[in-house]
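Note sheet for the following structure.
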Amino acid sequence: MIPRKVRGFRDQDPGLSQIKQRIISKASEVYRSYGFEHWDTPVLEYADCLGKYLPDDDTVDKGVFSFKSPELEPVLGTDGKDLKDDAGKTYMENHHLSLRYDLTAPLARVYAEKLWMDFMRKQVVEGKAPMFKRFQYGPVFRYEIKVEPGRYRQFEQIDFDTVGAEDVMTDAESCMILSDALEAIGLSRESYVVKVNNRKMLSGYLRSLGIEDLAREMEIIRVIDKADKISLSELEMELGAGRKEKSGGQIKGLGLSSELINPIVELLGAFGDLSTRASVLADLDKLIGDDALAREGLAELYRIDEVLSRLGFEESRINFDPTLVRGLGYYTGPVFEAVSLESYKDAKGKKRKIGSICGGGRYDGLVANLLGMKVPATGASIGIDRLADVLINTGRDMAQAVGPVLIVMFDDQLMMEYQVIARELRSAGIACEIFYGARKQLKKQLSYADKKNCPVAILIGEDELAKGVVTVRNLALGKELSSSISDKQEWKQRVQKEVVREDLVAHVKSIMA
RNA sequence: CCUGCUGUAGCUCAGCUGGUAGAGCGCCUGACUGUGGAUCAGGAGGCCUCCGGUUCGAACCCGGACGGUGGGACCA
């Protein structure tokens, strides 16, 4: 056996962990302020409850980690009752289980499950389904074929969703929430923008060009989704005959005719740089044609702009981007995406862009997969790991967590005294630990404290005990001074202090304040 | 899955046209001192990713496998 971790997964150090926890607590606060309550669901679900992806053997399939349950369970019929054979014996099966690949699919399951009985009794009717608002965070899993840096097979998201509300105001709120949350987390107003578009517009526009086929529409949407990565002319080629990639690869085109390509490219080309919401709306008004669905989508954007403007969310925070479509097929209305506008230099000095950190939209069809009844839903999600990278790489957050106060172990005989001190510090709300390591040289203990980024070390040996004092060493200050002072004695004098035993807690507090 | 580059100490990398290994950082021991950093003196650590081939001889050349990395396809 060789100790190693599974490919595509990672361990998290205290620094990263702390940043992620802060993101979660700040975002949660904002979500709560809009009326969302916290729910959690298991990481493991029946594969068929997560959506349409059913693995047909016990291997990993289509980006989802799946396996067969070791447990035999009854097969259920569409009425929810056990399926039985002619002899009246229940069919048993090892069901397919999947690790959740996002938090939206489990939400749909929770909602559908709660409603299932009522639905069977016809006590819920379409268009009148109850409203449910929840937020949720936790790890999700994807079987990425290619494991790339900054992209893992397990990562965390923090979602909020509203189910059962059709009002486009909920979509507008989603954008405001994203903006508020990002700022609460510490992003400055200039460093990000929430982009908004509406699928209905594009859908309707394509329909007016004669594209009715849903599969065809999805193909086109996937190409348009690359708009932020490739140039307009490259995009044009992908819609048509395909193109050759710089690295030599051949990309197959969709083979559309130029009568179709031209109007699509024209529409996208009209919105290269984001301007004001009002001007985007005005341009769309002229370009979008008179398809009913497209008009409906545009009307929704007008409505969204109305609230945003009324509440003072300027273009720098939330803007319209008609080229935004997002890859997911299940979106049916407004879609949003928050992008970080910052870049940073990686370890090799190479400039890196950060890109998308949040995404979401309206998905009115998702619950229908499980319940057979259309229920409107909308929501969005912040990518916690990606955002943590932003905070670390732009230097806005420290990559190393602050450690506890370390009580140095001089002498076993003094253990009870150390314990008493530890207790006092903890009662005062100060994290601390006593050194229990095997190598007890003072040098080792302080070096341990240094690595753990401890702010303070407390030293009590026989000398201190006899005098009724403790030596308090300010490690954080020492770290600062280490570059400017080379004299050991001077360094020591400036960094540590003997205080009377009774003043210990107060003194430590004053250092850490 | 396709494609370019790459694989040498814990990490970052040197290693000329084939002659069986080097630096910096880190780590360990000690000195200054019951005291992190700095400084100084020592030390440990490598089947040169793996398997096969060419050769008297391979870290180096050739083939393959497997990792890493940069593009791309895919991403419900």
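Order of the sequence lines fixes the chain letters, A, B, ..., with proteins taken first and strands second; residue numbering starts at 1 for each chain.
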**Q.** B:U12: pairing nucleotide in any strand, Watson-Crick or G-U under 3.5 angstrom
**A.** B:A23
Q.
Using a 4.0 Å heavy-atom cut-off, does A:Val408 contact any base of the nucleic acid, only the sugar-phosphate backbone, or nothing at all?
A. nothing
Q) Is the Lys NZ or Arg CZ of A:Lys114 less than 6.0 Å from the centre of A:Phe132's six-membered ring, within 45° of the axis? A) yes
Q: Give one of base, sugar-phosphate or nothing for A:Lys226, where a contact means two heavy atoms less than 4.0 Å apart.
A: sugar-phosphate
**Q.** Residue whose nearest RNA chain B nucleotide is more 5′ - A:Arg142 or A:Gln489
**A.** A:Gln489
Q. Does the side chain of A:Val64 reach to within under 4.5 Å of the side chain of A:Arg142, using non-hydrogen atoms?
A. no
**Q.** Interatomic distance at P, B:A41 relative to B:C25, whole Å
**A.** 12 Å
Q | Under-4.0 Å salt bridge between A:Lys20 and A:Asp385 | A | yes
Q: Mind calculating the distance between CD1 (A:Ile485) and P (B:G36) to the nearest angstrom?
A: 14 Å
Q.
Going by purine N1 to pyrimidine N3 plus the second Watson-Crick contact, or the G-U wobble pair, all under 3.5 Å, which nucleotide sits opposite B:C75?
A. none
**Q.** Among B:G36, B:U29, B:U35, the one nearest A:Leu459 by side-chain distance
**A.** B:U35
Q) Can you tell me if A:Asp321 uses its side chain to pair, donor with acceptor, with the backbone of A:Lys195 under 3.5 Å? A) no
(Q) Taking any heavy-atom pair under 4.0 Å as a contact, classify A:Gln445: base, sugar-phosphate, or nothing. (A) nothing
Q: Considering only atom P, compute the distance from B:U54 to B:G7 and round it to an integer number of Å.
A: 24 Å
(Q) Could you tell me how far B:G37 sits from B:G26 if I compare only their P atoms? Round to whole Å. (A) 10 Å
Q) Does A:Trp39 have A:Arg109 sitting over its ring (NZ/CZ under 6.0 Å from centre, angle to axis within 45°)? A) no
Q. Does B:G37 have a Watson-Crick or wobble mate here (both distances under 3.5 Å), and if so which one?
A. none
Q) For atom P, what is the distance between B:C50 and B:A21, given to the nearest Å? A) 16 Å
Q: Using both distances under 3.5 Å as the test, list the Watson-Crick or G-U wobble partner of B:C50, or none.
A: B:G64
Q.
With a 3.5 Å limit on both atom pairs, tell me what B:G70 is paired to, counting Watson-Crick and G-U wobble, or say none.
A. B:U3
Q: Please state the P separation for the pair B:G57 and B:G19 - nearest whole angstrom.
A: 14 Å
Q) Expressed in angstrom and rounded to an integer, what is the separation of A:Arg326 atom CZ from B:C75 atom P? A) 13 Å
(Q) Just the rounded figure in Å: distance from C1' of B:G37 to NZ of A:Lys452. (A) 20 Å
Q: Name the closest nucleotide to the A:Tyr101 side chain, picking from B:G36, B:A73, B:A76.
A: B:A76
Q: Look at all strands and tell whether A:Arg439 reaches a base, only sugar-phosphate, or nothing, counting heavy atoms closer than 4.0 Å.
A: sugar-phosphate
Q: Quote, to the nearest angstrom, the P distance that separates B:A31 from B:G36.
A: 12 Å
**Q.** Sugar-phosphate, base or nothing in reach of A:Asp411, heavy atoms under 4.0 Å
**A.** nothing
Q) Is A:Glu464 touching bases, backbone alone, or none of the nucleic acid, heavy atoms closer than 4.0 Å? A) base
**Q.** Opposite nucleotide pairing with B:G42, Watson-Crick or G-U, both atom distances under 3.5 Å
**A.** B:C28
Q. Touch check for A:Lys451, heavy atoms < 4.0 angstrom, all strands: base, sugar-phosphate only, or nothing?
A. sugar-phosphate
(Q) I'd like to know if the side chain of A:Asp411 and the backbone of A:Leu414 have a donor-acceptor N/O pair within less than 3.5 Å. (A) no
Q: Kindly indicate, with the supporting measurements, whether the criterion side-chain contact (heavy atoms from CB on, under 4.5 Å) is fulfilled by A:Thr378 and A:Ser174.
A: CA-CA 8 Å; A:Thr378 183; A:Ser174 292; 4.2 Å; yes
Q: Using a heavy-atom cut-off of under 4.0 Å over every strand shown, decide if A:Asp463 touches base, sugar-phosphate, or nothing.
A: base
Q | Euclidean distance for C1', B:G52 against B:U69 (whole angstrom) | A | 26 Å
Q | Atom-to-atom span, NZ of A:Lys488 to C1' of B:C32 - whole angstrom | A | 8 Å
Q.
Can you tell me if A:Arg222 touches the phosphate of B:C74, counting only side-chain N or O atoms and a distance under 4.0 Å to OP1 or OP2?
A. no
**Q.** Residue-phosphate contact under 4.0 Å: A:Lys443 side-chain N/O, B:G36 OP1/OP2
**A.** yes
Q.
Counting the atoms with a prime plus P, OP1 and OP2 as sugar-phosphate, which does A:Lys444 contact under 4.0 Å by heavy atoms, base, sugar-phosphate, or nothing?
A. sugar-phosphate
Q: State whether A:Lys497 places a side-chain N or O below 4.0 Å from either non-bridging phosphate oxygen (OP1 or OP2) of B:U35.
A: no
Q | A:Asp450, nearest nucleotide to its side chain (from B:A76, B:G36, B:U35) | A | B:G36
Q. Does B:A59 have a Watson-Crick or wobble partner in any strand here, with both distances under 3.5 angstrom, and which is it?
A. none
Q) What integer number of Å spans the P atoms of B:A73 and B:A14? A) 31 Å
Q. When we call it a touch if two heavy atoms are under 4.0 Å apart, what does A:Leu481 touch: a base, just sugar-phosphate, or nothing?
A. nothing
Q. Which nucleotide sits closest to the side chain of A:Tyr330: B:G37, B:A76, B:U35?
A. B:A76
Would you tabulate the side-chain donor-acceptor contacts of residues 456-465 of chain A under 3.5 Å, counting partners in other chains and residues two or more places apart, or write 'none'?
unit_1, atom_1, unit_2, atom_2, d
A:Glu464, OE1, A:Gly461, N, 2.9
A:Glu464, OE2, A:Thr471, OG1, 2.7

Q | Euclidean distance, atom OH of residue A:Tyr152 to atom C1' of B:G68 [Å, nearest integer] | A | 14 Å
Q.
Please report the distance, rounded to the nearest Å, between CD in A:Gln400 and C1' in B:G36.
A. 13 Å
